[in-house]
Amino acid sequence: MEPIIKINSIRSNDDYTLRYRIKITQGAEQITCENSLLEEIKNSIPYKAGVIEVKRLRKDLWEIETNK
């Protein structure tokens, strides 16, 4: 089963970065670490902007910070 991922922009307190919340609606058990998440989103706009920080909030919810 392929993971299904939703990426939403959220407010950033820094003028030079953007924040995104990543919700895994299917297949969260396949994405268990930062590297597997980055592999899944490698063709997305946030990934191409340059990921600065990755935080896991829950099993199915991640937050990333990118360059603007």
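For this chain, numbers begin at 1 and follow the sequence in order.
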Could you measure the distance from the [atom1] atom of [X] to the [atom2] atom of [Y]? Nearest 0.5 Å is fine.
| X | Y | atom1 | atom2 | value |
| --- | --- | --- | --- | --- |
| I52 | T66 | CD1 | OG1 | 6.5 Å |
| K42 | K48 | NZ | NZ | 11.0 Å |
| K55 | I64 | NZ | CD1 | 12.5 Å |
| R19 | D14 | CZ | CG | 9.0 Å |
| I10 | R21 | CD1 | CZ | 4.0 Å |
| D60 | K6 | CG | NZ | 12.0 Å |

**Asked** Of all heavy-atom pairs between R56 and I31, which one has the smallest distance, and what is that distance?
**Response** NH2-O, 3.7 Å
Is there a donor-acceptor pair closer than 3.5 Å between any side-chain N or O of [X] and the backbone N or O of [Y]?
| X | Y | answer |
| --- | --- | --- |
| K59 | E29 | no |
| R58 | K23 | no |
| Q30 | M1 | yes |

**Request:** Step through the shown structure and confirm whether more than 12 heavy atoms of other residues, nucleotides or ligands are within 6.0 Å of CD1 on I45.
**Result:** no
**Message:** With a sphere of 6.0 Å drawn around NZ of K68, does it hold more than 12 non-hydrogen atoms of other residues, nucleotides or ligands?
**Reply:** yes
**Prompt:** Applying the side-chain contact (heavy atoms from CB on, under 4.5 Å) test to W62, which of L37, I7, I5 qualifies?
**Reply:** L37
